[in-house]
Amino acid sequence: MKRYSPKDIEAKWQKKWQASGIYKAVEDSNKPKRYVLEYFPYPSGSAMHVGHVRNYTIGDVIARFYRMRGYSVLHPMGWDAFGLPAENYAIKNNISPKQAILENTTKFKQQLIQMGFSYDWGREINSSDPKYYKWTQWFFKLLFERGLAYQKESLQWWCDTDKTVLANEQVENGKCWRCGNEVTKKALKQWFFKITDYADRLAEDLDKLDWSEGIKAMQRNWIGKSVGTEVDFTVEGSKNKITVFTTRVDTIFSAAFMVLAPENPLVSELTTPDNQKAVLNYIKESESKSDIARMEEDREKTGVFTGSYAINPANGQKIPVWIADFVLAGYGTGAVFGDIHDERDFEFAKKFNIPVKPTVLPENPQESKKVQAKEYAFTGEGILVDSGEFTGMRSSEAREKITVWLANKGTGREKVNYKIRDWLISRQRYWGAPIPIIHCSEHGAVAVPDDQLPVELPEVESYQPTGEGTSVLAGVTEWVNTRCPTCGKPAKRETDTMDGFACSSWYFLRFADPHNDKEAFDKDKVKFWLPVDDYIGGAEHAVMHLLYARMWTMVMHDAGLLDFDEPFSALRNQGMILAPDGRKMSKSWDNVIAPDDIISQGYGADSVRIMELFIGPWNQSAVWSIEGMGGTFRFLQRVWTLSQEFLENNKAKELNDAVQAKELYTLIHKAIHKVSKDLNNLGFNTAIAYLMETVNGLYKLKIDGFKDTKAWNFTLNRLLQIMAPFAPHITEELWLQLGHEGSIHISKWPVHDEKYLINDQLTLAVQVNGKVRAEITVSKDGSKEDIQKLALAQKNVKKYLVNKKPTKVIYVPGRLISIVV
RNA sequence: GGGCGAGUGGUGGAAUGGUUUACACAAAAGACUUAAAAUCUUUCCCGUUUAUAGCGGUUGUGGGUUCGAAUCCCACCUCGCCCACCA
């Protein structure tokens with residue numbers, strides 16, 4: 001008998017599948033469709049580890065399940081090839097980024113193929129291919145023409161290691177998301193996408209998505225919608241006014257001081273000569289302070305008085321105007337009023353001895369006393385005092401009324417603010433899609449005409465960034481110098497490139513029509529496949545890719561290119577795989593486990609795939625277990641051995657045994673039912689556990705021999721089919737050995753027969769006062785009365801019923817009978 | 001400080017109102033073998049007991065609802081991830 005040896009079968013089938021094209025996605029309108037997509041990978045220098053592989057395994061099992069259930073399945077793969085790591089890798093290894101991508105994608109592809117993933121490789125795309133980025137540029141133009149791409153000079157996050165600006169989303173705790181070094185601010189003219197125009201829609205539409213609450217919460221938090229009031233304060237002896245944003249206009253009568261951000265342009269005008277020196281010093285100091293220091297927790301409040309006073313429009317009170325770096329220039333109006341109803345303000349007031357007094361009090365009299373004694377900053381809702389005509393109102397009512405009152409006086413208005421800032425898209429690096437803009441001294445920024453797309457990246461000598469705030473493209477004079485598309489006069493090309501997130505904001509659409517050279521995609525093809533039904537990936541993209549892609553989809557929808565405005569109906573966030581030491585897998589920890597090593601140790605891809613899912617719930621993190629691999633391998637080996645033994649026995653004449661046949665049918669139909677149900681609910685680990693249980697059951701039956709040929713044949717065939725999404729190689733091989741011609745992976749998913757799911761005999765637990773005291777076996781259609789009688793007759797039950805009568809009997813069919821005394 | 005998730009045997013986990021610990025790992029014993037590996041079979045929460053049955057206990061802690069709670073409610077503790085001076 002031949003032993004199970006994955007290396008003898010896996011590569012063979014991978015080649016055959018590729019040749020026969022069984023995973024090709026076909027638009028068949030007679031079938032329902034399913035678009036299963038995993039985030040397309042970034043082909044970095046380090047190969048994929050078992051954590052990445054889990055992501056693809058989840059997608060592949062889903063894709064295979066739907067394919068067998070008769071769906072038209074699109075399961076594509078491509079490469080997010082532009083970006084910093086590829087360029088840095090190229091510089092380090094002294095090769096071109098193009099060459100680096102070629103090397104890395106070759107390695108990644110080989111890794112994916114050896115795992116037996118069912119991708120339609122005919123749809124492979126690469127975002128650094130001019131045939132692809134031509135359309136990325138085309139979409140840039142779409143945004144530009146719709147007023148959603150613009151240039152602005154301002155202070156930007158700058159990473160001095162990577163020599164480029166970064167988007168807000170790419171700065172984590174004041175550090176560059178790529179290299180981890182502290183970022184600084186630099187004044188540069190940059191390109192932005194106006195994602196703020198979509199802030200409200202991006203927040204509101206989250207409700208209609210089947211995404212994990214965690215990711216939705218992260219996006220809501222990032223967008224940071226807050227509804228409040230803008231209030232204008234006049235400045236004593238000046239025409240200037242200071243506008244503030246507040247969500248608590250009900251506290252306006254308590255305003256005791258104003259605070260402006262040091263960067264607020266009003267500061268220089270409001271500063272009186274006496275205070276000039278102190279203010280300038282403070283501004284200088286806060287500029288030089290690193291953002292890490294500025295964001296430090298529990299930092300003591302700092303600030304200086306400007307010498308000016310503002311007038312509270314609510315009560316005419318004169319209050320001092322300060323500047324302090326706890327007020328952010330970029331949010332709201334860059335100015336706030338301060339009072340005792342905010343912890344930060346109260347802290348500030350205490351530090352600088354500014355008198356404050358509450359005008360909102362808690363309803364609880366004890367707490368109210370404490371607040372009046374200024375024991376703490378009362379930030380909750382309550383009843384207004386000393387607030388003119390609003391005294392006695394509740395906070396919520398007062399907010400509405402005061403806003404209307406201020407609006408009528410012309411000194412206030414309702415206002416919605418967002419934390420999200422526009423998306424900074426330009427990068428001072430070589431390896432990205434060039435921004436398709438030409439700068440003309442007469443016509444300004446002009447889009448490159450469609451017939452001149454793509455604007456191809458020119459070859460350069462060195463990819464080393466200059467650090468001067470421009471990309472190396474600025475040095476390619478013959479490329480930079482061109483003519484204005486409008487007037488034909490000499491003009492210069494934009495030399496910044498787009499961030500890689502532009503490329504990934506539409507790739508899921510390109511998979512529907514990857515080779516189209518007339519347009520980005522054919523509308524009908526996109527209509528057939530999109531939106532993505534299952535989008536699988538980690539949570540690290542929550543406020544980057546997942547937000548950007550949603551915005552682009554909305555823009556395309558508004559431009560009439562799409563008839564949907566959300567790209568990903570369901571998002572599946574897989575849990576991380578940790579190294580056996582419990583830490584994240586990383587080169588620097590030297591704890592990375594690559595699938596290649598496990599496969600070459602003889603376990604094979606099927607065992608790895610099963611381990612990825614059996615290790616725990618797919619959406620929770622898990623520690624990789626090397627020992628566990630033995631278990632998944634043994635399981636597959638048992639299936640193999642059982643099949644071989646059956647095939648050898650099967651050569652003899654046909655045998656019949658009704659008793660064994662019934663047991664076999666019961667086992668397999670239950671398995672079909674359970675595995676189908678679990679796959680529908682993404683219960684991969686429990687589906688595998690049940691398959692193992694089923695195989696254990698078959699081994700028990702085997703002890704008596706293969707007594708019914710037909711039933712064994714049926715059972716093994718169905719078992720292989722329901723195992724096929726998890727272990728595609730071994731099931732395909734055994735399917736062939738059992739005499740089938742076509743591939744198991746396009747065979748019809750089996751349906752269970754209900755009659756085998758019902759047991760004739762049931763085992764019930766008998767409880768007395770909630771404790772299990774006995775077990776009884778009853779017929780499935782026994783009446784409650786009969787069962788109750790039997791239960792009460794149990795020796796160990798009687799013991800507890802001496803001199804007592806049951807007050808209540810609860811019968812849960814198929815489970816238990818509970819007697820209460 | 002805010003948000004999200006988790007806490008069950010030696011370990012990963014199963015069970016989402018109904019017999020806690022399915023499935024697997026690790027460990028132990030037996031069969032086969034000259035031997036080992038592999039394979040097959042069995043045992044495996046704690047206490048009480050020579051042992052089995054039985055009895056008692058047990059899902060982070062404390063309380064509640066219920067005939068019955070890992071599951072629902074209240075309070076608290078611990079761990080992980082994300083965000084954080086956003087007025």
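Proteins come first, then strands; the chains are lettered A, B, ... in the order of their sequence lines, and each starts at number 1.
- Within the 4.0 Å cut-off from OP1 or OP2 of B:A69, not a single side-chain nitrogen or oxygen of A:K771 is found.
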Run the side-chain donor-acceptor check on residues 615-625 of chain A: report pairs under 3.5 Å with partners two or more places apart or on a different chain.
residue, atom, partner, partner atom, Å
A:W618, NE1, A:L682, O, 3.4
A:S625, OG, A:G628, N, 2.8

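- Listed candidates were B:G13, B:C40, B:A87. Nearest to the side chain of A:Y699 is B:C40.
- Across the P atoms, B:G62 and B:A70 are found 13 Å apart, a figure rounded to whole Å.
- Nearest to the side-chain atoms of A:W222 among the listed nucleotides B:A84, B:G3, B:G18 stands B:A84.
- Tested against A:F257 for a ring pair (Phe, Tyr, Trp, His ring centres under 6.0 Å), the candidates A:F352, A:F348, A:W322, A:F337 yield a single pass: A:F348.
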Show me the dot-bracket string of RNA chain B, counting Watson-Crick or G-U pairs under 3.5 Å, with | for pairs to another strand and [ ] for crossing ones.
(((((((..(((.....[....))).(((((.......))))).((((.....))))..(((((..]....))))))))))))....
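- For A:Q601, the CD atom is densely surrounded, since the number of other residues' heavy atoms within 6.0 Å is greater than 12.
- Between A:R773 and B:C55 there is a side-chain polar atom (N or O) within less than 4.0 angstrom of OP1 or OP2.
- Summarising the geometry, the separation between CH2 on A:W640 and C1' on B:C40 is reported as 20 Å, rounded to the nearest angstrom.
- Taking the six-membered ring for Trp and thresholds of 30 and 60 degrees, A:W640 and A:Y4 have ring planes inclined between 30 and 60 degrees apart.
- In this entry the distance linking CE of A:M576 with P of B:A6 reads 16 Å, nearest Å.
- In B:G68 the O4'-C1'-N dihedral to the base is more than 90° from 0, which defines an anti nucleotide.
- Considering only side-chain N and O atoms, A:R634 lies nowhere under 4.0 angstrom from the phosphate OP1 or OP2 of B:C40.
- A salt bridge does not link A:D345 with A:K301: none of the charged nitrogens is closer than 4.0 Å to a carboxylate oxygen.
- Applying the 3.5 Å distance criterion, the base of B:G18 shares a donor-acceptor pair with the side chain of A:Q767.
- Per the geometry, NZ belonging to A:K225 stands 23 Å off P belonging to B:G2, to the nearest Å.
- You'll find that the side chain of A:P617 is closest to B:G13, out of B:G13, B:C23, B:G18.
- Summarising the geometry, the separation between CG on A:L206 and P on B:C4 is reported as 14 Å, rounded to the nearest angstrom.
- Dashed line: the shortest gap from a side-chain N or O of A:N685 to OP1 or OP2 of B:C23 is not under 4.0 Å.
- Note: A:Y39 and A:Y535 have tilted aromatic rings, judged against thresholds of 30 and 60 degrees for the angle between ring planes.
- Between A:E213 and A:K216 there is a salt bridge, with a side-chain nitrogen of the basic residue lying less than 4.0 Å from a carboxylate oxygen of the acidic one.
- Distance, A:Y811 OH to B:U19 C1': 15 Å, rounded to whole Å.
- With both ends at atom C1', the span from B:U61 to B:U8 equals 15 Å, rounded to whole Å.
- Comparing the P positions of B:C45 and B:A22 gives an interatomic distance of 9 Å, to the nearest angstrom.
- Residue A:E693 places its side chain closer to B:A22 than to any other of B:A26, B:G12, B:A22.
- Across the P atoms, B:A24 and B:G5 are found 31 Å apart, a figure rounded to whole Å.
- Taking side-chain N and O atoms only, A:N573 has no distance below 4.0 Å to OP1 or OP2 of B:C81.
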Intermediate values then yes/no, ring-ring contact (aromatic ring centres under 6.0 Å, His included), A:F726 and A:F614:
CA-CA 10 Å; A:F726 302 99; A:F614 185 60; over 10 Å; no
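- Side-chain atoms of A:L328 lie closest to B:A87 of the nucleotides B:A87, B:C67, B:A14.
- Between A:Q637 and B:U39 there is a side-chain polar atom (N or O) within less than 4.0 angstrom of OP1 or OP2.
- Atom CD of A:E540 has more than 12 neighbouring heavy atoms from other residues, nucleotides or ligands inside a 6.0 Å radius.
- Ranked by how close their nearest RNA chain B nucleotide is to the 5' end, A:T246 and A:E775 are led by A:E775.
- Atoms CD1 (A:I610) and C1' (B:A24) sit 12 Å apart, rounded to a whole Å.
- Put simply, CG on A:D345 is 19 Å from P on B:G1, counting in whole angstrom units.
- When each of A:G630 and A:F245 is assigned the nucleotide of RNA chain B with its nearest heavy atom, A:G630 is the one assigned upstream, toward the 5' end.
- When the P atom of B:U8 is taken as reference, atom CD of A:Q620 falls 11 Å away, rounded to whole Å.
- The side chain of A:S226 places an N or O atom within less than 4.0 Å of a non-bridging phosphate oxygen (OP1 or OP2) of B:A87.
- With B:C82, B:G18, B:C23 as the choices, the nucleotide that has an atom nearest any side-chain atom of A:M218 turns out to be B:C82.
- Close to B:A87, at under 4.0 Å from its OP1 or OP2, lies a side-chain N or O of A:Y331.
- Among B:A15, B:A87, B:U19, the nucleotide with an atom closest to any side-chain atom of A:T686 is B:A15.
- With contacts defined as side-chain heavy-atom distances shorter than 4.5 Å, the pair A:I810/A:V812 qualifies.
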